Amino acid sequence: MASERESRNQAFILWCLTAAIVLGILNALALSRSGHWSCPPLPHGDGPDYESIGYSIARGEGFQFAWDDPEWQSPYRTSEHASEYSQFERKDWPGETTSRPPALPWLIAVVYRSFGRNPMAFAAIRSLALLALTSAGIIAIALARSWTEQLRINGRSIRGPGIHIAALVALSLAAADRTVKQYTQDFLTEPWALLLLTVLAWILTRWSQNPRDSRWGMWGGFLFGWMVLFRSLFIVWLPFLLIGLVWISRTAPTPKNASDEPSDSEPQTEQVQSRFERGTWQPIAAFVICFLLLVGPWWIRNCWVAETFLPLGGQGAASLRGGYSDEALADWGNWHPEAEIAMQNSLDQRPESLRWTAAKREVALAALATQQTREWVANHSTQLPKLIAKRWISHWGPWRIDHLIWKLLAWIGLGSLFIANRRLGIALATLLVADSLSIAMLYETGGRFLIPLHAVLYALAAVGVVSITARIWPQRLSCVEA
């Protein structure tokens, strides 16, 4: 038994090292070939927004934009893309902003204080994003191995070659995915959201094995807090995550003795706990408390700056208007900027806007956007199901046959895990359901919001491949009696 465990650990380390080398080289080559490694953020996207705030923080000027600052503009004006930057036309309103989550600007500021603001710093920020992307791929391979071991095919578990096939499939998908590699070329949150969500999947995997262990609730709460600090829209996931966690707790079998720990090997037919018996509420409370401890100070700061209750800042409401618009309805639920541009122009016509601070303008924009969004929804209520369906189609992107195949394999893998290990299946299904329901409520941008789930989907697709193969050739995958 000890020899078998040692052999499995050695194989695990070997796969992780192989993944680190292969993915590190391929991701670095993709970034190098783009020609953007040491350039300032690209003109089309949110990169200059995050960089502008990081620049201000590094200079000790607070969490604010620096559009009018000639020194900030300098590397952009000398860039080969100089003619494409619309940011030069933006106006600075005095004071701090609430329109962006803080984690990426903080990271940029730390790099600038370490290296200065120069091509080396730009390269360092992209290198960190590359590291995050590579790390997510390594964790995906570890998850694929772990989840495959949980499979039960006709009463048999997967061992030996089946575990290696799962790791190989996950590694191949991570290596071949060109879409995620594009997000290391700019100063964007996607690589960080991808890494954090993949780690959250690992935490939920461990949590599902012992729902009474408050440590996983604490780690999960802190990690989810960082997800929200990188991308505010993750807050929409919170109620769905909590429902999933409660469901996991309620399906945990009752220990025979107070000191007993639940095990995945226990039959699913054992007595199911009544609601929040024997302390199963404690990990969930730990999750919520740790989450609030991390994000709470930033939310209080936003409300203080805005002088109203706006914990997530003003950008969310303005962006939501672009998702509930005629343009979005006509373009498969994808966000469009026309509505926000029109609202900004409308605010410019107000005489009092000349005296506004940045936060005052964001509050006014959020109020106007909320009003217009409600009016649009009321006038298009019969078309909302159509809009939601279009968002899901854009989100899951069935436009390329290769993407369609591996995403279908991921859903097959999730179904196989749900049958084999109910608690693990619930934990992973919670992530996919939270993702899809958040898109139904918000908007899409050409599949961009699915990027954070890609590593989890690699691992699930690997499980799906092994599940199908084990049903066809069980003897070749060393299936043994569970």
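Please read these numbers as outputs of a predicted model, since none were measured by experiment.
Residues Ser34 and Gln185 share a closest heavy-atom pair of CB-CD, 3.5 Å. Considering every non-hydrogen atom in both Tyr85 and Pro41, the closest pair reads OH-O, 2.5 Å. Closest non-hydrogen pair, Pro75 versus Pro40, comes out as O-CG, 3.7 Å. Of all non-hydrogen atoms in Asp49 and Gly45, the two that sit nearest each other are OD1-O, 4.0 Å. Of all the heavy atoms in Arg113 and Ile57, the pair that sits closest is NH2-O, 2.7 Å. Contact detail for Leu196 and Leu223: the closest heavy-atom pair is O-CD2, 3.1 Å.
Ser319 and Glu340 form no side-chain donor-acceptor contact under 3.5 Å, judged by distance and modelled atom types alone. No side-chain N or O of Ser32 forms a donor-acceptor pair with one of Trp37 less than 3.5 Å apart. Inspection of the His36 and Asp186 side chains reveals no N or O donor paired with an N or O acceptor under 3.5 Å. Side-chain atoms of Tyr55 and Asp69 form a donor-acceptor pair, as typed in the model, at a separation below 3.5 Å.
A donor-acceptor pair is defined here as one N or O able to donate and one able to accept, closer than 3.5 Å; such a pair exists between the side chain of Thr198 and the backbone of Leu194. In this structure, the side chain of Asn118 engages the main chain of Phe115 through a donor-acceptor pair within 3.5 Å. One N or O on the side chain of Thr430 and one on the backbone of Ile426 form a donor-acceptor pair closer than 3.5 Å. At least one donor-acceptor pair under 3.5 Å links the side chain of Lys181 to the backbone N or O of Ala175. For the pair Asn334 (side chain) and Gly446 (backbone), a donor-acceptor distance under 3.5 Å is present. In terms of modelled atom types and a separation under 3.5 Å, the side chain of Glu362 and the main chain of Thr97 share no donor-acceptor contact. For the pair Ser394 (side chain) and Trp332 (backbone), a donor-acceptor distance under 3.5 Å is present.
Using a 4.5 Å heavy-atom cutoff, the side chains of Trp237 and Leu431 are in contact. No side-chain heavy atom of Leu320 sits less than 4.5 Å from a side-chain heavy atom of Trp335. In this structure, Lys390 and Asp331 have side chains that are not in contact, with every pair of non-hydrogen atoms separated by 4.5 Å or more. Looking only at side-chain heavy atoms (C-beta outward), Asn302 and Pro311 stay at 4.5 Å or farther from each other. Between Gln150 and Leu417, the closest side-chain pair of non-hydrogen atoms falls below 4.5 Å. By the 4.5 Å heavy-atom criterion applied to side chains, Arg126 and Phe187 are counted as neighbours. Considering only heavy atoms from C-beta on, Pro191 stays 4.5 Å or farther from Leu195 through its side chain. Annotation: side chain of Asp213 is not in contact with side chain of Trp207 (no heavy-atom distance under 4.5 Å).
No cation-pi contact links Arg391 to Tyr443, judged by a cut-off of 6.0 Å to the six-membered ring centre and 45° from its axis.
Results of the side chain to side chain contact (heavy atoms under 4.5 Å, CB included) test with Trp67 over Gln87, Gln73, Glu89 single out Gln87 as the only residue that passes.
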Give the C-alpha distance, both sets of side-chain angles, the deciding distance and a yes or no for side chain to side chain donor-acceptor pair (under 3.5 Å) between Tyr458 and Asp177. CA-CA 10 Å; Tyr458 303 153; Asp177 192 349; 2.6 Å; yes
Go through the steps for Arg448 and Glu190 under the test salt bridge (Lys or Arg N to Asp or Glu O under 4.0 Å), then give the verdict. CA-CA 8 Å; Arg448 179 178 174 183; Glu190 273 76 7; 2.3 Å; yes
Please evaluate residues Glu51 and Phe122 with respect to the criterion side-chain contact (heavy atoms from CB on, under 4.5 Å), reporting the C-alpha separation (whole Å), side-chain torsions for both, the decisive distance (0.1 Å), and the verdict. CA-CA 10 Å; Glu51 198 272 336; Phe122 299 151; 4.1 Å; yes
Apply side-chain contact (heavy atoms from CB on, under 4.5 Å) to the pair Phe234 and Leu241, showing each step before the final yes or no. CA-CA 10 Å; Phe234 277 126; Leu241 282 177; over 6 Å; no
Using the side-chain contact (heavy atoms from CB on, under 4.5 Å) rule, take Leu23 and Leu171 through it: C-alpha gap first, then chi angles, then the decisive distance, then the call. CA-CA 8 Å; Leu23 296 180; Leu171 175 57; 3.9 Å; yes
Going through the checks in order, is the ring-ring contact (aromatic ring centres under 6.0 Å, His included) test met by Trp298 and Trp106? CA-CA 12 Å; Trp298 184 253; Trp106 288 342; 5.6 Å; yes
side-chain contact (heavy atoms from CB on, under 4.5 Å) for Ser467 and Leu151? Distances and angles first, verdict last. CA-CA 7 Å; Ser467 175; Leu151 281 179; 4.3 Å; yes
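In this structure, CG in Asp435 is found 8.0 Å from CG in Leu457, a value given to the nearest 0.5 Å. Between atom CZ of residue Phe12 and atom CH2 of residue Trp15 there is a gap of 12.5 Å, rounded to the nearest 0.5 Å. Atom CZ of Phe65 and atom OG of Ser52 lie 6.5 Å apart (nearest 0.5 Å). In this structure, the separation between CG on Asp46 and CG on Leu104 is 10.0 Å, given to the nearest 0.5 Å. Rounding to the nearest 0.5 Å gives a distance of 8.0 Å between CG of Asp92 and OG of Ser56. How far OG1 of Thr184 is from CG of Leu128: 12.0 Å, rounded to the nearest 0.5 Å.
Around the CH2 atom of Trp396, the shell of radius 6.0 Å holds more than 12 heavy atoms that belong to other residues, nucleotides or ligands.
Here Arg117 does not pair with Glu71 in a salt bridge; the nearest charged N to carboxylate O distance is not below 4.0 Å.
In this structure, the ring of Trp216 has its center less than 6.0 angstrom from the ring center of Trp202. Residues His454 and Trp406 bring their aromatic ring centres within 6.0 Å. Between Trp226 and Phe291, the gap from one ring centroid to the other reaches at least 6.0 Å.
Taking the six-membered ring for Trp and thresholds of 30 and 60 degrees, Trp72 and Tyr76 have ring planes inclined between 30 and 60 degrees apart.
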